[in-house]
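Note that the structure is predicted; figures quoted are calculated from it, not measured.
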Amino acid sequence: MADSPALLADPVPQVLEAKASAIERPWLFPTPVDLSVPLTQHGVAALAVVNNPDLAALRARAGVADAQVFAAGLLPDPTFSIGADKVLSGPDTMLNIAGALGLDLNSLRKRAVTRQQANAQARQVRLDLAWAEWQTAGQARIQAVRIQGLTRIVVLTRESDAAAQSQLARTTNAALRGDVPASDAEAARLAAYDAADRLRSAERDLQTAQQELARLLGLPPDTVLALAPIALPGAPLGADRLFGIARESRTDLAALRAGYDAQEASVHKAVLDQFPSLNLTVTPNRDSAGNFLIGPTIDFTLPLWNRNRGGITVERATREALKAEYEARLFNTRAEITAAWNGIALARRQLADAEAGLPGLERLADASARASRRGDLSQAAAMTASQQLRDRQLVIAQAWLAIEEQTIALELLSGTPIEGWK
């Protein structure tokens with residue numbers, strides 16, 4: 001293996017743009033990708049599909065499965081042997097020559113079911129790859145909207161931090177002059193500490209989202225991409241309808257069904273193995289007296305005690321386990337869709353409540369600022385009104401981000417983009 005694989009090198013923007021612009025999937029139509037301008041949601045998804053290292057490794061695994069399908073379709077090679085014996089004493093003077101041509105009939109008998117199993121396994125691998133691509137693209141989109149939402153939150157928390165630090169400085173100076181009690185200075189100090197802590201937390205979350213997006217897109221860790229703004233998505237379909245769409249559209253469920261088909265073939269193959277395994281050998285021979293002989297030989301196992309009962313039991317138990325896994329995946333899918341749907345509904349109610357009181361807080365903040373400039377109101381009171389407005393704007397930004405994230409999560413859970421919900 002190379003010590004410095006190509007994946008660690010800086011990508012060539014023109015190559016990435018060309019690959020991403022040509023990508024086609026049922027849920028992702030070709031979209032122009034230009035890294036010099038803000039990336040749309042489709043551009044982020046396309047870059048994730050073509051450049052994510054984990055997906056590249058899965059595609060290589062899919063090539064292995066296709067090779068196994070090819071190998072399963074090949075006929076078994078015959079075996080051939082030849083030998084000679086020299087007469088050391090006796091009346092016959094010729095060499096005793098014997099040969100054998102053999103064919104494994106058991107492989108021919110199981111060839112059809114072996115091909116069926118390999119095809120089902122390859123179909124499962126391809127469906128798993130499609131599911132991984134869908135999930136990776138969706139996670140990249142979630143990180144993109146998270147970056148945009150956290151950027152808004154960082155701006156608001158930075159303003160709050162600056163206001164809190166300014167208020168702390170004034171209150172501290174006033175306390176030193178004896179104009180205000182020490183308790184006011186302590187309260188201002190705690191408020192400033194809390195504002196600074198919220199700012200650090202928001203900045204840390206933003207940095208984490210930026211690094212995670214770069215990782216999902218297969219870009220260097222310090223890459224910061226410009227992202228195009230997106231509109232707030234509309235209300236989703238009902239949870240029951242989305243679960244019905246998921247049962248039809250999710251490729252991971254289709255992959256589990258393909259895995260069950262492959263295991264069904266394994267059970268059939270194990271059942272065939274309980275019958276005698278046959279080998280046919282044709283043996284020509286010329287003995288030392290010059291006689292030419294030829295005859296077939298058939299050898300097989302006697303199914304008296306074993307009869308592959310253990311193998312059949314194991315394969316059938318594995319089939320039942322796959323069935324249980326599929327049913328558990330269905331159960332969890334329904335629960336996750338319902339949870340995401342309820343989360344979106346809650347965030348929408350919170351957004352509506354926060355936006356309903358926003359105009360009043362804006363008027364209060366403006367009036368308080370004007371009154372403070374005229375000297376009719378203390379600066380601390382005006383700053384409190386401004387902070388109330390920022391707190392409400394922060395709630396709106398957080399609710400907006402929750403709706404965007406959980407709508408994409410609901411798309412991932414349904415297996416279909418929001419445009420395909422009908």
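Side-chain atoms of Asn173 come within 3.5 Å of backbone N or O of Ala169 as a donor-acceptor pair. Checked by atom type and distance alone, the side chain of Ser201 never pairs as donor or acceptor with a backbone atom of Asp197 at under 3.5 Å.
For the pair Leu410/Ile337, a side-chain contact is recorded, criterion being any heavy-atom separation below 4.5 Å from C-beta on. Contact check for Thr151 versus Leu206: side-chain heavy atoms found under the 4.5 Å cut-off. A 4.5 Å side-chain heavy-atom check between Leu351 and Ile396 finds at least one atom pair inside the cut-off. The side-chain heavy atoms of Ile418 and Ile408, taken from C-beta on, include no pair separated by under 4.5 Å. Inter-residue side-chain proximity for Leu227 and Ile147 is flagged as met; some heavy-atom pair is nearer than 4.5 Å.
Scanning all heavy atoms of the two residues, the minimum distance from Ala192 to Leu168 falls at CB-CD2, 3.8 Å.
Between Arg329 and Asp252 there is a salt bridge, with a side-chain nitrogen of the basic residue lying less than 4.0 Å from a carboxylate oxygen of the acidic one.
Counting heavy-atom neighbours within 6.0 Å of Arg334 CZ, excluding the residue itself, gives a total of 12 or less. Summarising the local packing, CG of Asp391 is surrounded by more than 12 heavy atoms from other residues, nucleotides or ligands at distances under 6.0 Å.
How far CD of Glu336 is from OG1 of Thr338: 10.0 Å, rounded to the nearest 0.5 Å. Distance CD/Gln393 to CG/Leu156: 5.5 Å, rounded to 0.5 Å. One distance of note links CZ of Arg146 with CG of Leu401; it measures 7.0 Å at 0.5 Å rounding.
A donor atom on one side chain and an acceptor atom on the other are not found under 3.5 Å apart for Thr416 and Glu411.
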Start with the C-alpha distance between Arg158 and Glu203, add both sets of side-chain angles, then the distance that settles salt bridge (charged side-chain N to carboxylate O under 4.0 Å, His left out), and finish with yes or no.
CA-CA 9 Å; Arg158 186 170 289 135; Glu203 290 177 335; 2.8 Å; yes

